[in-house]
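Just so you know, these numbers use all the heavy atoms, side chains as well, and skip hydrogens, waters and symmetry mates. What you are looking at is a predicted structure, and each value in this text was computed from that prediction instead of being measured. One-based numbering, in listed order, for ligands and for the atoms of each.
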Amino acid sequence: CIKNSGRTKRERIFIMDGYSLGYANIALVKYWGKKSKDPVLPYNPNISLRLDNLLSKTKIEKSLSNEDEFYINDEKQGPEEVNKMIKFISKFTPVDREKICIKSYNTVPTAAGLSSSSSGTMALVLACNEYFKLNKSTQEMVEIAKEGSGSSCRSFYKLAAWLEDGSVEELSCELDFSMMVLVVNEDRKKISSRVAMEQCVQTSTTFASWVEKAKKDFVLMKEALKEADFEKIGEITESNALAMHETTTTSSPSFTFLTEESHRAMDIVKQLRSQGYRCYFTMDAGPNVKVLYLKEDQDKLYEEISKLWNKKIILCME
Ligand code: DP6
């Protein structure tokens with residue numbers, strides 16, 4: 001049974017075979033710092049691209065034990081993960097509900113800076129909507145998702161902007177983008193994006209200038225998307241990611257998500273660009289490097305990158 005909630009052509013299938021599907025998204029202008037935690041509001045407006053091949057699928061069933069259970073990729077999660085998840089869903093599910101078992105599968109490596117929290121949270125909100133028959137609209141689910149993981153509110157739209165007042169807008173662009181991930185490491189990150197961004201807010205000496213830059217980048221990015229100027233989009237994407245990562249090295253204690261291999265991947269992208277390939281990089285709360293390019297260039301680019309990057313590459317769009 002396939003149910004398509006689609007109102008517009010670009011909308012994805014959100015429910016398939018009893019599973020709710022949540023998609024990862026990667027920010028072109030990053031969200032990095034909460035101006036307010038309740039409600040969750042970003043310091044700067046940000047923009048993302050949804051990755052339709054990186055997804056989580058989630059199903060809720062009645063628990064057969066007398067406790068709430070949570071599985072990720074068939075692995076039973078411990079009390080800390082279960083409590084975190086229950087605390088979140090208790091905000092919008094019935095108070096006197098029966099115990100549930102949540103089964104979630106990620107095609108995205110979990111917590112490796114590949115946006116598994118955005119796909120996982122979106123899938124969880126949709127699954128609760130189905131199981132508890134909450135009948136929420138997309139807009140209401142966007143609001144709920146944000147409280148679970150800020151960036152997940154952008155996953156409901158192909159191109160999304162999350163604004164400082166908390167609202168989420170769908171953007172459009174004529175270009176057919178895609179991304180591939182040069183996988184450096186698929187392990188769980190040592191520091192979560194939530195903890196890391198809070199440390200940067202509190203201690204980074206470049207946090208204020210990061211916010212200023214990100215606000216400007218947001219305006220420039222919106223213009224570039226409207227003009228369908230891929231070069232401009234790519235340049236803003238790269239410089240925005242670098243400024244975000246700078247806040248980690250300027251925080252106290254200083255840290256970085258990036259490894260030598262991340263830098264090697266970034267160099268490959270720059271090298272290919274100097275040879276005329278249209279490609280740009282971005283990185284999130286992990287060492288993996290995502291490459292932004294136009295879909296029409298995928299085959300050529302993949303062939304060239306594969307010669308230089310001998311580790312795993314994930315193609316993020318169909
Ligand atoms: C680097 O959305 O994971 O990916 O709201 O605390 O759950 P919480 O943080 P999260 O942070 C995402 C940070 C980022 C940049 C981005 O996606 O914009």
Once rounded to the nearest 0.5 Å, what's the spacing between atom CZ of Phe70 and atom CD1 of Ile60?
10.0 Å

Using distance alone, determine whether [X] and ligand 1 share an N or O pair under 3.5 Å.
X	value
Ser193	yes
Lys34	yes
Trp32	no

Atoms of ligand 1 close to Met197 [distance to a heavy atom under 4.0 angstrom, numbered from 1]
9 (O), 11 (O)

At a 4.0 Å threshold, what atoms of ligand 1 neighbour a non-hydrogen atom of Ser117?
3 (O)

Can Thr206 and Glu246 be said to form a side chain to side chain donor-acceptor pair (under 3.5 Å), step by step?
CA-CA 7 Å; Thr206 56; Glu246 196 192 2; 4.6 Å; no

Distance flag, aromatic centroids of Phe230 and Tyr280, threshold under 6.0 Å:
yes

Carefully, step by step, assess Ser262 and Thr259 under the rule side chain to side chain donor-acceptor pair (under 3.5 Å).
CA-CA 5 Å; Ser262 317; Thr259 66; 3.2 Å; yes

Could you pull out, from Met283, Arg154, Lys30, Lys37, the option with a heavy atom nearest to atom 17 (O) of ligand 1?
Arg154

Can you check side chain to side chain donor-acceptor pair (under 3.5 Å) on Thr249 and Thr256, steps first, answer last?
CA-CA 6 Å; Thr249 54; Thr256 179; over 6 Å; no

